[in-house]
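Input: a single structure, listed below in structure tokens.
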Amino acid sequence: MSDATNLREGAGWNAAVGAVVAPSGRRGGTLRLVSSADVDSLDPARTYYVWVWLLQRLLNRTLMAYPTDPGPAGLVPVPDLAEGPGVASDGNRTWTYRLREGVRFDDGTPVTSADVRYAVQRIFAQDVLPGGPTYLVPLLDDPDRPYAGPYRDGEDGLPSVLTPDARTIVFRLRTPFSDFDHLMAQPCVSPVPRHADTGARYGEDPRCTGPYRVAEHRAGSRLLLERNPHWDRATDPVRPALPDRVDVAIGFDPDEMDERLIAGEFDINLEGRGLQHAAQDRLAGDPVLRSRTDNPKTSFLHFVSLQPHIPPFDNVHVRRAVHHAADKILLQEARGGPVTGGDLTTALFPPGLPSHQALDRYPTGPDLRGDLDAARAELEAAGLPDGFDAVIGTQRGKFRLVADAVVESVARVGIRLTVKELDVATYFSQGAGSPETIRKHGLGMIVTDWGADFPTEYGFLAPLVDGRLIRPGGGNWNIAELDDPKINELIDTGLHTADPAARTELWREVERRVMDHAVILPLVHDKTLHYRGPRATDVFVHPAFGLYDIQAMGVTDTR
Ligand code: ARG
């Protein structure tokens, strides 16, 4: 890159949030990306990393997809492989899609409804293909005759998904599901041709329906994508497919990645980790650098779960005392401050969702440093005016800093916390995500975060508060094990309500009731600091993912 390019001022701070930076539509060239870690999987059924889901948009198409749109419209799936949105009948229980004509895999074979059905069948083979989302399993499985996936149960074993002809697919759900179009936008339902399926090894050589296919993948060091010769622009309303190649360099440490990004060697950090401290420190004194930086919300909520099954947190007044005693400013600093930590919040829904509302059930005083009188009154009501001893669970690193800030906050009203660090790698599966672990260590409070798997109120809040979604065996997100019949009922009503405005109101009611229970102490809606290189065109942070929409991007030098 010429020095002139690197000195030129960018489009401005946050210019790629809610708008497109350097729209060009120019085709050709190589988009150069960087990541510290490798993909979790190139098998579309086996990935959960947000950035790999964005990468999948280059490789695979789905019945529905989030549009190439930086605004609120980006949150609503549009037809991709399908001709139109799902046609719902039977109170949101039956969903029918019709495939577009003329779509092929990169090996030239036509895509049929059977290939989509086969992808859905593979999700049931969690023993062979773990790693991806499994929302479809309880919706489509028959508990009396559970389906074990295509490797164990044969091809025709899933009666709830029908393919009356090569272009039609019908899903018959056990329970209504208003957000079904969102599930049809997850990478795990990308069509897979049975003839190419190699089970657990499919990710090594996946077939593709998107504009790109894998040219080379050297584990831990490089992923190169090239154009898929069988992708037809005319059938794809979502993907501009600008560059000829996408080259991902893998395996750098975060500071080195920042340096090489800023030096112009790469265009975007694909992984979206955000600029590290060293690079952050340069921003204030470097207007060019700052003009190429975005600071979007990630739609992740950072929070502390309070555990009603661990005394004395079984008493709602104890939980409310903790809420009032929180020093929100100290907690936000522990999270990294307003730029790389996030926006303080007293409610749960990310601001982009329609149900987002101003809700401050447990005020923490005018300076947000805690309302200690209110906290003491709640302790009094709980019969614990002198406080008590308890344990808070966390993991080392950033979560530890938050736990320490909680300790400091509540110590002011006599609540004496000790900190228990759990293993990082298994934190969400077997630590905070395991009801058993929580009981074993007597963890009355847990530091955690959460981001939705699809951008709706159900996608965001149900896993955290729906009593039927508690997973006793691990991987549990309803950490507090909240199981309130009224909340469950409101969630179900939302699932068969077709009118979005009515659903919005239902979810606001759910949120108010959850806050009444005081089991979730919201801290911040996370934010990250991203750098966009000057070669990159058509750059924006995708509202459904909180990271740059890689598939939309092009480059200035297209030689
Ligand atoms: N829900 C998971 C979590 O909060 C993953 C969220 C992001 N991943 C995704 N593919 N949406 O950790």
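Heavy atoms only: backbone and side chains are in, while hydrogens, waters and symmetry mates are out. Order of appearance sets the numbers: ligands from 1, and atoms from 1 within every ligand.
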Original post:
How would you list, by chain and number, every residue that makes a side-chain contact (heavy atoms from CB on, under 4.5 Å) with I392, sequence neighbours excluded?
Top reply: A403, V406, V407, L417, V419, M445, V447
Original post:
What residues, two or more places apart in sequence or in another chain, satisfy side-chain contact (heavy atoms from CB on, under 4.5 Å) together with K420?
Top reply: V391, L422, H441, L443
Original post:
Between D549 and Y66, do the side chains contain an N or O donor and an N or O acceptor separated by less than 3.5 Å?
Top reply: no
Original post:
How would you list, by chain and number, the residues with a heavy atom under 4.0 angstrom from ligand 1?
Top reply: Y48, V50, W53, F300, W450, G451, A452, D453, W477
Subject >> R468/D492 salt bridge by N-O under 4.0 Å criterion >> reply: yes
Original post:
Are R207 and D115 within salt-bridge range, i.e. N to O under 4.0 Å?
Top reply: no
Original post:
Who are the side-chain contact (heavy atoms from CB on, under 4.5 Å) partners of P130, not counting sequence neighbours?
Top reply: R46, Q126
